[in-house]
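The next block holds one structure in the form of structure tokens; read it before the comments.
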Amino acid sequence: MNARWSWFNISSVVIGFAFLYLPIVLLVIYSFNESRLVTVWAGFSTKWYGELFQNQGLLDAAWVTVRVAFLSATIATVLGTLAAVSLVRFTRFNGRTLFTGMVYAPLVMPEVITGLSLLLLFVSIDFGRGFWTVTLAHITFSLCFVAVVVQSRLITFDRSLEEAAQDLGCPPFQAFMKVTLPVILPAVISGWMLAFTLSLDDLVIASFTSGPGATTLPMKIYSQVRLGVTPEINAVCTLLIAVVTIGVIAASLLTKRREMNRERQ
């Protein structure tokens, strides 16, 4: 075996992946545990999934989380794409440096500071905390991730295609929608998936900006874990893992299919 694939390298990779994914595998396995004690295996059972769907508090929190994630990811994708287009197409305009800093600030800003600043903003303007404050907060911090993903694709886009469409009589907006957007659509979809996943996973910012009736699933799980891990927590985490995995696989297959169709054409 050559030095590139030495036993040390292989062992390091195996240990690294085990460190990352073994806890997730154990969580999934123990979600099918018969016993209420999550550390004691008592046989295979799916009863905790049935108990999960009887837990109205977790179901309500999951519904709030999905709605916030879908709405915030959609709006953040639109705004992030527009921000990326502005940064790539318009290299010189008054306030560009300030605009760039505002777009990318949440990337380097600690979530605690972002959540606290948004909380102070909502309190100062007397905006009642709830579903919409959590949604606005998630739009604020996920927009920059979408802008980075879309901007990286726009930089390599051949703008002569869009200019050719305009020379043939296509208005600028239609040229963008019919020529540019289909080409950068994989990046836009990736940005949406990233924003959706970040919103599902967020705990810190949601804790600062949520209010009555707007408890998200990570907040609900965290509040219950402090009193002890229950089998229902393992079940809901397993379902979240399954949803995210299916979404990533579906997005990858869709992107690959679009690339194959483009190559055929």
Side-chain angles (χ1 to χ4, degrees), residues 68-125 127 129 132-166 170-210 248 251 255 258:
V68 169
F70 181 83
L71 187 59
S72 63
T74 303
I75 298 176
T77 300
V78 175
L79 296 179
T81 301
L82 294 176
V85 172
S86 300
L87 292 174
V88 173
R89 298 288 177 85
F90 307 102
T91 57
R92 293 183 180 180
F93 60 87
N94 294 331
R96 187 182 190 279
T97 303
L98 177 62
F99 178 74
T100 304
M102 293 177 64
V103 170
Y104 293 138
L107 282 172
V108 296
M109 192 78 66
E111 290 188 352
V112 174
I113 297 178
T114 302
L116 180 59
S117 61
L118 289 171
L119 171 62
L120 295 176
L121 172 65
F122 295 140
V123 171
S124 63
I125 63 176
F127 195 87
R129 286 179 293 163
W132 289 108
T133 53
V134 177
T135 302
L136 291 173
H138 284 190
I139 293 171
T140 301
F141 85 88
S142 60
L143 182 152
C144 58
F145 293 92
V146 178
V148 169
V149 174
V150 177
Q151 185 180 6
S152 63
R153 181 64 185 90
L154 279 171
I155 292 175
T156 60
F157 173 72
D158 187 3
R159 196 173 179 184
S160 62
L161 299 175
E162 186 176 333
E163 293 174 351
Q166 295 182 22
C170 189
F173 180 75
Q174 291 186 9
F176 177 82
M177 296 299 295
K178 294 182 178 180
V179 178
T180 306
L181 185 59
V183 175
I184 67 172
L185 188 60
V188 175
I189 295 175
S190 299
W192 187 92
M193 290 293 300
L194 180 59
F196 185 83
T197 305
L198 289 172
S199 179
L200 284 179
D201 183 63
D202 176 66
L203 171 64
V204 177
I205 295 178
S207 299
F208 280 99
T209 58
S210 64
V248 171
T255 302
R258 291 184 62 88

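- Among all heavy-atom pairs drawn from Ser72 and Thr135, the shortest one is CB-O, 3.8 Å.
- With salt bridges taken as basic N to acidic carboxylate O contacts below 4.0 Å, one links Glu162 and Arg89.
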Next on the checklist: For a side chain to side chain contact (heavy atoms under 4.5 Å, CB included) check, start with the C-alpha distance between Leu118 and Phe141, then their side-chain angles and the critical distance, and finish with the verdict.
Outcome noted: CA-CA 11 Å; Leu118 289 171; Phe141 85 88; over 6 Å; no
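- Annotation: side chain of Val88 is not in contact with side chain of Phe157 (no heavy-atom distance under 4.5 Å).
- Considering only heavy atoms from C-beta on, Val146 stays 4.5 Å or farther from Leu194 through its side chain.
- With contacts defined as side-chain heavy-atom distances shorter than 4.5 Å, the pair Leu119/Arg129 qualifies.
- We find the CG-CE distance between Leu198 and Met193 to be 11.0 Å, quoted to the nearest 0.5 Å.
- A distance-only check finds a donor-acceptor pair linking the side chain of Ser86 to the backbone of Leu82 [under 3.5 Å].
- Residue Pro106 comes nearest to Thr140 through the heavy atom pair CG-O, 3.7 Å, listed as atom of the first residue, atom of the second, then distance.
- Ring geometry for Phe70 versus Trp192: interplanar angle over 60°, hence perpendicular rather than tilted (30 to 60°).
- Across all their heavy atoms, Ala187 and Val149 have their closest contact at O-CG1, 3.4 Å.
- Side chains of Arg153 and Thr156: a donor on one and an acceptor on the other come within 3.5 Å.
- The two residues Ala83 and Val103 have their closest heavy-atom pair at CB-CG2, 4.3 Å.
- Nearest heavy-atom pair across Ile113 and Met109 is CG2-SD, 3.8 Å.
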Next on the checklist: Show, in sequence, the C-alpha distance, side-chain angles and deciding distance for Ser207 and Leu203, and conclude whether the side chain to side chain contact (heavy atoms under 4.5 Å, CB included) test is met.
Outcome noted: CA-CA 6 Å; Ser207 299; Leu203 171 64; 3.7 Å; yes
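- The backbone N or O of Thr209 sits less than 3.5 Å from a side-chain atom of Thr133, completing a donor-acceptor pair.
- With a 4.5 Å cut-off on side-chain heavy atoms, Asp202 and Glu111 count as touching.
- How far CD1 of Ile139 is from CH2 of Trp132: 8.0 Å, rounded to the nearest 0.5 Å.
- The two residues Cys170 and Ala175 come nearest to each other via the heavy atoms SG-N, 3.3 Å.
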Item to check | Full working for side chain to side chain contact (heavy atoms under 4.5 Å, CB included) between Phe208 and Val112 | outcome: CA-CA 8 Å; Phe208 280 99; Val112 174; 4.2 Å; yes
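- The distance from atom CD1 of Ile205 to atom OG of Ser210, rounded to the nearest 0.5 Å, is 12.0 Å.
- Of the listed residues (Ile75, Thr81, Thr74, Leu79), just one forms a side chain to side chain contact (heavy atoms under 4.5 Å, CB included) with Thr77, and that residue is Thr81.
- The shortest side-chain heavy-atom distance between Leu121 and Phe127 does not fall under the 4.5 Å cut-off.
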